[in-house]
Number of protein chains: 4
Amino acid sequence: MLTSAAEGVYVICPTPFESDGRLDIASTDRMVEAYLKAGATGLTILGIMGESPKLAAEESLTFAKQVMSTVAGRVPVVVGVSAAGFAAMSGLSRKVMDVGAAGVMIAPPSTLRTDDQIVSYYADAVEAIGADTPFVIQDYPLATNVVMTPKVIMRIIEQSPSCVMLKHEDWPGLDKITTLRRASAEGQVRRVSILCGNGGLFLPFEMERGADGAMTGYAYPEMLVGVVNLIKQGRRQEAHDLFDRHLPLVRYETQPNLGLAVRKYVLKKRGIIASDTLRKPGPKLSPETIAEIDWLMERIERSQQGSLAA
Amino acid sequence: MLTSAAEGVYVICPTPFESDGRLDIASTDRMVEAYLKAGATGLTILGIMGESPKLAAEESLTFAKQVMSTVAGRVPVVVGVSAAGFAAMSGLSRKVMDVGAAGVMIAPPSTLRTDDQIVSYYADAVEAIGADTPFVIQDYPLATNVVMTPKVIMRIIEQSPSCVMLKHEDWPGLDKITTLRRASAEGQVRRVSILCGNGGLFLPFEMERGADGAMTGYAYPEMLVGVVNLIKQGRRQEAHDLFDRHLPLVRYETQPNLGLAVRKYVLKKRGIIASDTLRKPGPKLSPETIAEIDWLMERIERSQQGSLAA
Amino acid sequence: MLTSAAEGVYVICPTPFESDGRLDIASTDRMVEAYLKAGATGLTILGIMGESPKLAAEESLTFAKQVMSTVAGRVPVVVGVSAAGFAAMSGLSRKVMDVGAAGVMIAPPSTLRTDDQIVSYYADAVEAIGADTPFVIQDYPLATNVVMTPKVIMRIIEQSPSCVMLKHEDWPGLDKITTLRRASAEGQVRRVSILCGNGGLFLPFEMERGADGAMTGYAYPEMLVGVVNLIKQGRRQEAHDLFDRHLPLVRYETQPNLGLAVRKYVLKKRGIIASDTLRKPGPKLSPETIAEIDWLMERIERSQQGSLAA
Amino acid sequence: MLTSAAEGVYVICPTPFESDGRLDIASTDRMVEAYLKAGATGLTILGIMGESPKLAAEESLTFAKQVMSTVAGRVPVVVGVSAAGFAAMSGLSRKVMDVGAAGVMIAPPSTLRTDDQIVSYYADAVEAIGADTPFVIQDYPLATNVVMTPKVIMRIIEQSPSCVMLKHEDWPGLDKITTLRRASAEGQVRRVSILCGNGGLFLPFEMERGADGAMTGYAYPEMLVGVVNLIKQGRRQEAHDLFDRHLPLVRYETQPNLGLAVRKYVLKKRGIIASDTLRKPGPKLSPETIAEIDWLMERIERSQQGSLAA
């Protein structure tokens with residue numbers, strides 16, 4: 001089960017499709033193995049970057065089962081269960097926990113506005129998934145349009161013992177990590193795990209502010225693992241050097257909407273998945289874009305940092 | 001099958017729940033019969049006001065089957081299939097058409113912005129539901145945040161022969177009806193049915209502008225039927241007199257979020273459904289609100305216009 | 001100076017323009033006199049419905065001075081000073097207070113999200129206008145996209161003694177009035193004046209919930225005055241009867257964007273202003289719309305309730 | 001006067017304030033000289049990053065005059081005139097053109113939705129500023145929430161000969177440049193200058209896609225100048241090498257809201273402006289943030305690329 005002690009790199013998995021749009025099971029297995037080999041300490045599936053809203057309910061479950069069976073308990077698997085309603089959230093949550101998920105992740109719906117609405121939404125969500133299901137708060141205003149202050153996050157943590165992690169991807173958000181860690185140090189709130197998303201764009205600083213690791217899907221996850229470990233070992237310059245070599249592609253991958261297509265293309269080129277197909281509605285890469293990604297990959301790999309699929 | 005000739009009043013059905021939140025089948029049957037008795041020429045289920053996002057996939061289908069079986073072909077049933085992704089939309093659409101739906105209704109996702117994005121979304125949606133499934137465009141910017149110009153609606157109509165109806169609830173939107181009807185008269189676009197929503201707030205004027213009827217769920221649907229018929233008979237003063245007697249409650253019911261709770265309370269008080277339970281997240285009626293609804297109902301019924309459940 | 005004891009009807013004034021778009025001073029004077037004759041206990045200028053963002057800074061001041069000089073102290077004048085920045089807000093506020101405004105009104109900018117952001121925005125605004133300038137909180141989520149809980153409003157009232165009024169136009173918002181009045185009764189928060197906006201759409205109920213009056217610009221303000229007085233006298237049926245006769249036009253006037261054009265047309269037709277010109281960008285009334293307004297006015301006036309300009 | 005042939009780097013100027021918030025004239029002069037020395041081919045003032053909404057009308061004009069007088073015709077100066085209404089836009093535009101501005105820049109208001117609304121807004125804006133005033137379209141959806149397709153931009157260019165430039169900061173937006181350049185090459189639309197914003201985050205690729213330069217305010221503008229020149233000379237690897245050395249700080253500076261505070265801090269530390277004061281509402285840099293900026297600056301300057309103020 002997922003706990004507040006979680007750390008390292010939980011790689012956000014895309015959902016691999018065949019070129020005709022069906023789930024690609026073989027690529028799923030290959031991807032899981034590649035991520036574990038890269039040093040993932042956990043996996044996260046069916047998030048925004050997993051195209052989860054584009055899957056039918058049965059497909060979500062099929063995919064979750066496949067990942068869980070390939071992982072076979074080697075690392076915890078977190079499953080995104082954000083849904084338009086609590087019935088769907090409850091159903092998916094129960095089913096994935098039954099087949100071995102370690103916990104679930106919940107982003108707030110974009111209609112929430114006030115502090116109280118957000119806190120009360122998470123209370124209802126906990127009722128829907130069950131108080132014994134560990135869950136992750138996804139704090140991603142750029143995608144959800146919901147802004148959570150540190151105070152709101154602390155209220156959610158305090159009201160639900162099953163809240164074990166914050167997926168931090170507020171932007172800008174470095175001071176939020178500092179505030180939350182200080183509050184825990186001062187005994188104002190229980191300490192939960194903080195893993196950072198946002199494509200990894202600020203990872204070295206996030207670690208230095210007190211994060212426990214990353215939860216994001218950059219197509220060279222071994223870089224994320226390397227940065228997290230170097231920072232933990234206090235090797236700051238090396239961590240930043242490693243990160244900065246990848247930053248041009250990290251930045252390219254954080255382009256809204258386009259980013260997932262970029263990521264799948266890189267994963268395909270690295271031999272990790274067979275096809276970079278996205279389900280509709282989704283962007284198509286232009287020849288110019290492909291040439292730019294090739295250029296960025298070449299520059300990274302020339303600097304000998306890319307060895308995951310090798 | 002739903003066609004461009006549809007007219008009259010398609011009553012938007014709420015989804016009746018037991019007080020513990022389960023589907024209430026007995027109330028569903030009673031509601032269907034009450035609506036047909038009130039003069040409904042069609043029914044619409046699983047729309048925004050049907051709490052469809054709060055239903056699990058199986059529940060949606062169970063409810064749709066129940067309605068269809070009770071209706072037993074007496075009027076066409078339109079089913080809302082708006083979904084976060086095309087896989088879910090496709091699945092639900094196919095299943096409800098199989099059990100006898102006359103057509104489906106699709107609202108655009110709130111992420112769409114440009115004219116081309118909207119038109120292309122509907123092209124993809126038609127691919128998902130199948131080109132032989134008649135569909136309704138739901139044009140409801142207040143809820144979807146998507147603004148469709150008449151030009152965009154005309155492009156969707158032209159690109160898809162299976163588009164047979166516009167559920168018109170833009171606000172303000174009277175000139176849009178005039179523009180679309182003029183465009184059809186001048187041969188610029190195929191004529192489709194226009195049924196109006198928005199709680200019925202502008203119904204008499206909408207009819208006079210060229211709408212074919214209403215598709216909304218006001219809790220005294222016999223008023224909607226009456227107004228539509230009076231306008232068609234050219235009895236303008238009577239139509240407005242009838243409408244204006246109900247306007248205080250119509251207005252009360254169009255309060256965002258609260259409106260559905262108001263509507264269910266009225267339906268319960270009229271003996272049409274057993275419980276006014278809403279699923280979470282949903283508002284609760286305060287005692288003050290209940291007293292206000294009672295007052296409004298009393299004023300309507302004193303004027304002898306309320307006789308549906310009698 | 002505006003105080004927490006303010007009550008009655010503060011009519012929201014449109015800004016009358018000549019047909020070429022220049023300020024129309026003669027109409028301004030005529031309008032002020034008509035509103036005072038109708039029973040206004042105050043006037044509010046340069047609000048959203050006063051097209052204030054479309055005025056140059058000098059024009060705003062010219063218009064404010066003209067109104068103040070015509071009013072000549074007979075009733076308090078509140079001036080909208082909402083602005084994109086505090087320098088502009090501070091400048092306008094100081095200038096209008098210097099020429100005799102009773103207080104200013106401030107709506108929150110649409111970028112605010114969290115409770116703390118809203119509360120802190122009002123603290124900064126008070127610094128900008130000066131702690132001795134009485135101000136009104138404009139709570140109008142439909143226009144501002146900012147949602148204020150009762151708790152947030154109470155925090156603003158408590159932090160600033162110069163906060164003397166809430167312009168209440170949340171929607172739905174009746175329970176908010178009840179909550180705030182109860183909190184004052186229980187000593188949790190200082191009692192401020194509550195005047196209701198939102199086109200007057202819920203005025204009788206708002207009065208019954210504890211509001212002190214209306215601050216809105218419906219084109220027959222004598223109806224607003226009548227309803228407020230009847231409710232205060234406990235003549236409930238008469239209050240609702242009077243209100244309901246006007247509701248069809250009230251509803252027509254609350255159409256976003258179009259509403260102001262409707263209102264100016266009615267005021268022109270009643271002989272109160274010379275031209276119904278709106279500055280760009282603004283809607284134009286179609287012939288069909290004009291015919292509908294004429295119809296609604298005729299139905300109201302036939303019921304002998306319209307006698308302001310007579 | 002600004003023409004479609006504009007190229008190079010138009011540096012977006014912040015508005016320097018004294019620590020008490022007043023305009024800082026001495027820093028303004030120093031900043032202008034530093035930017036010109038860095039190779040700026042133009043300057044842009046009173047944009048979003050110039051805190052223009054926080055300036056009183058008189059202050060905007062004072063600042064514009066000061067910049068123009070210091071520049072003394074050495075390079076063109078573009079002035080942001082986006083405003084809530086056309087009266088303010090017209091007034092500011094006329095005044096700054098009178099004192100020597102080369103052109104103005106206009107961002108669309110966030111209320112625009114449909115293609116036609118956007119195109120028609122620019123037609124009205126041209127009427128407000130005068131058909132002989134050269135203007136720049138600011139296409140910045142992240143800040144404005146208005147999405148303009150290439151087709152919409154082309155319609156604006158075609159309807160107004162005075163449209164001479166696109167400030168491109170759509171995100172992702174590389175394919176948009178390609179599309180517009182292809183359309184010009186194929187004779188579908190007049191070729192205008194494209195300068196890129198968005199903090200410079202994609203500058204080398206933007207140049208390769210056909211942009212003519214940058215219009216952004218990164219605190220080491222000599223890097224922007226260097227990249228633009230290297231790309232024009234076909235020295236691709238060197239351009240990317242130079243850019244990538246700065247990317248960690250570029251990325252840090254593109255954090256919404258916080259970015260301007262970061263930029264002003266760097267400019268202060270480089271001796272270009274005296275104080276990094278922002279007007280309210282604005283973020284304050286935490287000690288942790290300052291330490292991170294120091295770290296990033298040190299890494300850049302160690303690589304000997306930072307020599308502007310030296």
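Bear in mind the structure is a predicted one, so any value in this text is a computation, not a measurement. What's counted below: heavy atoms across the whole structure, side chains too, no hydrogens, waters or symmetry copies. In the text below, chain A, chain B and the rest are named by the order of the sequence lines, each starting its count at 1.
With a 4.5 Å cut-off on non-hydrogen atoms, A:Glu127 touches chain B through its side chain but not through its backbone. The part of B:Glu59 that comes within reach of chain A is its side chain, from C-beta onward, which places non-hydrogen atoms under 4.5 angstrom from that chain.
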Could you tabulate the donor-acceptor pairs under 3.5 Å formed by side-chain atoms of residues 79-93 of chain A, not counting sequence neighbours?
from	atom 1	to	atom 2	distance (Å)
A:Ser82	OG	A:Ala107	N	2.8
A:Ser90	OG	A:Ala128	O	3.1

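With respect to chain A, the highest number of heavy-atom pairs below 4.5 Å among B:Ser110, B:Pro281, B:Gly21, B:Ser52 belongs to B:Pro281.
Annotation: B:Asn257, atom CG; neighbour count of heavy atoms from other residues, nucleotides and ligands within 6.0 Å does not exceed 12.
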